[in-house]
There are 2 protein chains.
Amino acid sequence: MAIQKITKDEILLKSSDVFRVKGYHNTSMQDLAEASGLLKGSLYYHFPSKEMLMKDLLVSIHTYLTNKVFLIAEDTSLTPEERMEKLLKKMGKLLLEKEGGCLIGNSILETVGVVPEFQSVLKVIMDDWTKALQTIYVTRKSSEQSFRLAQQTIMEFEGAVMFSKLYNERQFLYEAFARTMIKLK
Amino acid sequence: MAIQKITKDEILLKSSDVFRVKGYHNTSMQDLAEASGLLKGSLYYHFPSKEMLMKDLLVSIHTYLTNKVFLIAEDTSLTPEERMEKLLKKMGKLLLEKEGGCLIGNSILETVGVVPEFQSVLKVIMDDWTKALQTIYVTRKSSEQSFRLAQQTIMEFEGAVMFSKLYNERQFLYEAFARTMIKLK
DNA sequence: GTCTATATCAAGATAGAC
DNA sequence: GTCTATCTTGATATAGAC
């Protein structure tokens with residue numbers, strides 16, 4: 001029994017950076033192995049295929065967001081503005097402000113309709129993200145309007161991330177954050 | 001000299017559908033050849049590489065948008081509302097409402113930072129799209145505000161296309177169109 | 001659990017016949 | 001201009017040693 005060089009979760013963490021920057025189809029098992037400090041063949045001890053590795057990654061992102069980020073929306077010890085700001089900051093650090101943009105947004109455009117395995121996880125992430133924002137907006141607006149606002153907010157974020165990537169200029173995302181705070185008023 | 005089975009432009013047209021639905025890296029020359037009714041090797045008579053084929057496609061899209069769509073914004077025989085509506089309808093048909101979403105948006109997320117050849121064309125398309133919308137907004141708002149509004153409008157469109165793709169529901173895009181008409185007021 | 005080695009296949013691309 | 005045939009590479013994935 002050889003020494004445990006790296007855990008499954010660590011491989012997923014390293015892989016997420018590669019997928020985000022290079023894209024799903026353009027990333028090889030070779031790339032992922034290098035990022036993890038393993039050799040190509042060793043990855044197949046942890047994951048049966050590149051597709052399952054990616055799916056595990058998406059599920060683990062969903063789990064993390066659910067347990068560590070989205071529940072900020074329900075923290076009644078904070079004002080709605082404070083909740084919104086705290087949630088946006090975390091989403092920024094975890095997903096939106098990273099090099100290569102948003103792994104979730106990238107994956108939606110690249111894989112929906114092409115790799116059916118991923119679609120349901122991607123949907124659930126977006127559903128729960130929407131619900132979290134709705135929970136904050138609903139302190140000030142109707143349930144229906146909050147739902148729409150939540151969706152529009154995420155759309156703006158993803159569009160802003162696209163612009164940030166194209167023009168290599170993070171300001172687009174920060175301005176979208178600022179507009180979101182205004183929408184809450 | 002054999003019969004001309006297909007022209008360069010026809011290959012680009014067929015290829016755009018494949019790239020949009022399957023993505024750039026996930027599309028093979030085989031796929032493009034099939035879509036064009038040719039065999040793989042024959043494509044290399046028309047284009048030196050897959051990368052150059054894609055670049056030609058992006059340039060031809062930019063040329064078409066410049067000559068047939070963006071100049072609607074300057075048609076002073078129409079009211080700003082009429083110009084906006086006409087331009088949005090055309091952009092919808094050409095780019096946004098298609099199966100697989102928006103080829104330009106897809107390509108930005110998939111290739112910027114990975115295939116440097118494409119970035120400048122993608123930028124110019126977004127620049128000119130922004131300018132066109134700005135030209136319409138500026139009839140009602142300041143130059144600076146029109147520029148911001150134009151950028152935000154496109155971000156919203158791209159975000160809406162992402163949602164439309166994920167949830168297989170075009171309504172997201174149509175609602176973004178409606179919000180754009182309201183912004184002009 | 002990670003390594004080395006390898007099987008298998010599909011990709012991008014080229015050469016030459018027609 | 002398109003075809004057939006082929007080269008070369010790099011990809012996913014597996015087998016077995018350590």
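The sequence lines fix the lettering, A, B, ..., with proteins before strands; numbering per chain opens at 1.
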Whole-Å distance between C:dG12 P and B:K50 NZ?
5 Å
Without decimals, in angstroms, what is the distance between B:E51 CD and C:dA13 P?
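The answer, rounded to whole Å, is 8 Å.
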Short N-O contact, A:K86 and A:E82, less than 4.0 angstrom:
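No salt bridge links A:K86 with A:E82.
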Salt bridge or not between A:K165 and B:E110? Use side-chain N to carboxylate O under 4.0 Å.
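No, no charged N to carboxylate O under 4.0 Å.
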Only pairs under 3.5 Å count here: list side-chain donor-acceptor contacts from residues 117-126 of chain B, not counting sequence neighbours, and write none if there are none.
residue: B:E117; atom: OE1; partner: B:K55; partner atom: NZ; Å: 3.3
residue: B:Q119; atom: NE2; partner: A:L166; partner atom: O; Å: 3.0

Check for me whether A:K8 meets the cation-pi criterion with A:F47, that is, NZ or CZ under 6.0 Å from the six-membered ring centre and within 45 degrees of the ring axis.
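Relative to the ring axis of A:F47, which defines the angle, A:K8 lies inside both limits.
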Answer yes or no for B:K131 and B:F147: cation-pi contact, defined as NZ/CZ to six-membered ring centre under 6.0 Å and angle to ring axis within 45°.
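Ring-cation test returns no.
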When rounded to the nearest 0.5 angstrom, what distance separates NZ in B:K89 from CD in B:E97?
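Rounded to the nearest 0.5 Å, the NZ-CD separation comes out at 10.0 Å.
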So, B:T135 side chain and B:A73 main chain: donor-acceptor pair closer than 3.5 Å or not?
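Not confirmed, B:T135 side chain does not pair with B:A73 backbone.
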For DNA chain D, which residues in residues 26-48 of chain A have a heavy atom at a distance below 4.0 Å?
A:T27, A:S28, A:M29, A:K40, A:G41, A:Y44
Contact list for DNA chain D against residues 8-16 of chain A - heavy-atom distance below 4.0 Å
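Hits under 4.0 Å, by residue number: none.
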Of the options B:F172, B:F177, B:Y174, B:F163, which is the one that meets B:F157 in a ring-ring contact (aromatic ring centres under 6.0 Å, His included)?
B:F177
